[in-house]
Amino acid sequence: MAKISLDRFRLQFISHQNEKLGYLDGIREALAGGCKWIQLRMKGATDDEVRPIALQVKEWCREQQATFLIDDRVALVKELQIDGVHLGKNDMPIAEARKILGDGFIIGGTANTFEDVKAHYEAGADYIGCGPFRFTTTKEKLSPILGLEGYKDIIQKMKEESIDIPLVAIGGITKEDIPEIMKTGVNGIALSGCILHAENPAEETREILELL
Ligand SMILES: Cc1ncc(COP(=O)(O)OP(=O)(O)O)c(N)n1
Ligand SMILES: Cc1ncsc1CCOP(=O)(O)O
Ligand SMILES: [Mg+2]
């Protein structure tokens with residue numbers, strides 16, 4: 001696949017729903033605010049429930065020239081010809097997904113340690129979602145919290161071993177955290193709650209992009 005511009009990795013919006021906004025509402029707001037990378041994450045839903053939502057998001061992302069990934073679901077990504085998939089420790093291994101999808105799809109991998117980053121890099125991932133930065137209720141069964149020091153340590157080890165792969169921070173990130181997180185050397189951030197809980201999610205997205 002064509003090399004993805006690093007600019008693209010600045011902000012990834014991860015879908016979620018709350019009392020005010022459904023999956024599509026949140027995604028529409030993030031796109032309206034200028035986000036160019038959307039991940040549809042619908043834990044506990046069936047593929048039949050995800051499919052119509054994914055088709056709508058695919059159309060919106062095409063219109064906005066935004067990248068569109070789905071969390072966990074390799075087969076659905078292939079079926080719907082979405083841009084890619086994000087995979088964690090309990091999902092299909094990255095090397096297996098690469099065999100199924102080929103080089104034309106983006107595959108992201110979750111890391112909590114430098115060893116995870118290295119394994120995903122060697123398995124052929126396109127980028128790393130590294131976290132959690134801090135506690136969040138958006139995901140259950142969190143790995144150990146990394147904090148700023150965790151990112152500094154991982155980025156340092158990546159440099160030492162010449163592991164060159166885009167890495168985005170994730171987990172409980174607020175707007176106020178962004179300047180310090182970016183100073184650690186990560187390429188961008190992935191977030192959900194910060195945008196979804198804002199009074200004006202599109203405006204919040206715009207403000208976040210200005211910090212990145
Ligand atoms: C960008 C990004 N980073 C990490 C994750 C977490 O993926 P995973 O560990 O598989 O957990 P679930 O999201 O599937 O609950 C992610 N989705 N995106
Ligand atoms: C999917 C995921 N993986 C680690 S933390 C997280 C949730 C991110 O959402 P939020 O920004 O609301 O903490
Ligand atoms: Mg997963």
Side-chain angles (χ1 to χ4, degrees), residues 4 6 8-21 23 26-27 29-30 33 35-47 50 54 57 66-77 82-94 96-97 106-113 115-117 119-121 123 125-147 150-151 154 165-178 181 186-198 201 204-205 208 211-212:
I4 309 159
L6 277 183
R8 202 92 321 209
F9 289 103
R10 286 191 304 149
L11 177 63
Q12 179 172 165
F13 174 70
I14 315 276
S15 74
H16 200 53
Q17 54 183 355
N18 62 19
E19 353 26 84
K20 261 190 357 202
L21 302 173
Y23 291 109
I27 290 169
E29 293 288 322
C35 180
K36 295 291 180 200
W37 191 299
I38 302 293
Q39 181 188 139
L40 181 61
R41 178 173 181 269
M42 292 177 63
K43 301 306 283 188
T46 64
D47 279 2
V50 175
V57 178
T67 301
F68 176 32
L69 264 62
I70 299 183
D71 186 42
D72 299 343
R73 302 168 198 259
V74 175
L76 197 61
V77 161
I82 302 304
D83 295 316
V85 67
H86 188 96
L87 300 171
K89 276 201 179 98
N90 298 322
D91 302 316
M92 183 185 288
I94 286 180
E96 191 181 332
I106 299 167
I107 302 180
T110 303
N112 180 248
T113 63
E115 288 68 30
D116 295 338
V117 173
H120 291 330
Y121 173 75
D126 294 297
Y127 81 94
I128 305 290
C130 190
F133 169 65
R134 74 155 64 81
F135 176 78
T136 176
T137 53
T138 309
K139 179 170 154 63
E140 290 172 4
K141 298 192 185 119
L142 283 178
S143 296
I145 305 296
L146 290 173
Y151 290 108
I154 288 172
I165 181 168
L167 183 147
V168 302
I170 185 169
I173 297 173
T174 67
K175 206 163 57 185
E176 292 67 36
D177 297 321
I178 293 172
I181 291 179
V186 303
N187 299 97
I189 55 164
L191 45 73
S192 181
C194 171
I195 287 178
L196 278 183
H197 300 138
E204 183 81 359
T205 306
I208 288 170
L211 294 168
L212 290 162

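Since the structure is predicted, the reported quantities are computational estimates derived from the model, not experimental observations. Indexing begins at 1, ligand by ligand and atom by atom, following the structure's order.
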Side chain of Asp116, backbone of Asn112: donor and acceptor closer than 3.5 Å? yes
Atom 10 (O) of ligand 1: which protein heavy atom is closest, and how many Å away? Asp91 OD2, 2.8 Å
For ligand 2, what is the set of protein residues having any non-hydrogen atom at a distance below 4.0 Å? Arg41, Thr136, Thr138, Lys139, Ile170, Gly171, Gly172, Leu191, Ser192, Gly193
Assign the ring pair Phe9 / Trp37 to parallel, tilted or perpendicular, where the plane angle (0 to 90°) is split at 30° and 60°. tilted
Look only at the side chain of Asn187 and the backbone of Leu167, and say whether a donor-acceptor pair between them is shorter than 3.5 Å. yes
Heavy-atom contacts with Asp72 under 4.0 Å: which atoms of ligand 1 show up? List them by number with element. 10 (O), 14 (O)
Pull out every atom of ligand 1 sitting under 4.0 Å from any heavy atom of Arg41, numbered as shown with elements. 12 (P), 13 (O), 15 (O)
Close-contact set for ligand 1 against Gln39 heavy atoms, below 4.0 Å: 1 (C), 2 (C), 16 (C), 17 (N), 18 (N)
Kindly compute the distance separating CD1 (Ile107) from CG (Asp91), expressed to the nearest 0.5 Å. 11.5 Å
Number the atoms of ligand 1 from 1 as they appear, then name those within less than 4.0 Å of a heavy atom of Gly88, with their elements. 8 (P), 9 (O), 10 (O)
Restricting to non-hydrogen atoms, name the atom on Ile208 and the atom on Cys194 that form the minimum distance, rounded to 0.1 Å. CD1-SG, 3.7 Å
Could you tell me whether Asp71 and ligand 1 have an N or O pair separated by under 3.5 Å? yes
Please confirm whether Thr110 comes within less than 3.5 Å of ligand 1 when only nitrogen or oxygen atoms on both sides are compared. yes
For atom 11 (O) of ligand 1, what is the closest protein heavy atom, and at what distance to 0.1 Å? Lys139 NZ, 3.0 Å
Shortest non-hydrogen contact from Leu196 toward Gly26: CD2-CA, 3.7 Å
Heavy atoms only: which of Arg73, Gln12, His86 lies closest to atom 4 (C) of ligand 1? His86
Quick one: report the N, O or S atom of Asp72 that is nearest to the Mg ion (ligand 3). OD1
For residues Ile70 and Gln39, report the shortest heavy-atom separation together with the two atoms involved. C-CG, 4.4 Å
Closest heavy-atom contact between Asp126 and Ile165? O-CG1, 3.7 Å
Donor-acceptor check, side chain of Arg134 to backbone of Gly172, threshold 3.5 angstrom: yes or no? yes
Report the part of Lys43 in contact with ligand 1, treating N, CA, C, O as backbone and CB onward as side chain, heavy atoms under 4.0 Å; options are side chain, backbone, both, neither. side chain
Look only at the side chain of His120 and the backbone of Thr110, and say whether a donor-acceptor pair between them is shorter than 3.5 Å. yes
Could you report the tightest heavy-atom contact between Cys130 and Tyr151, atom names first, then the distance? O-OH, 2.6 Å
Name of the Asp91 atom (N/O/S only) found closest to the Mg ion (ligand 3): OD2
For residues Ala190 and Ile14, report the shortest heavy-atom separation together with the two atoms involved. CB-CD1, 4.1 Å
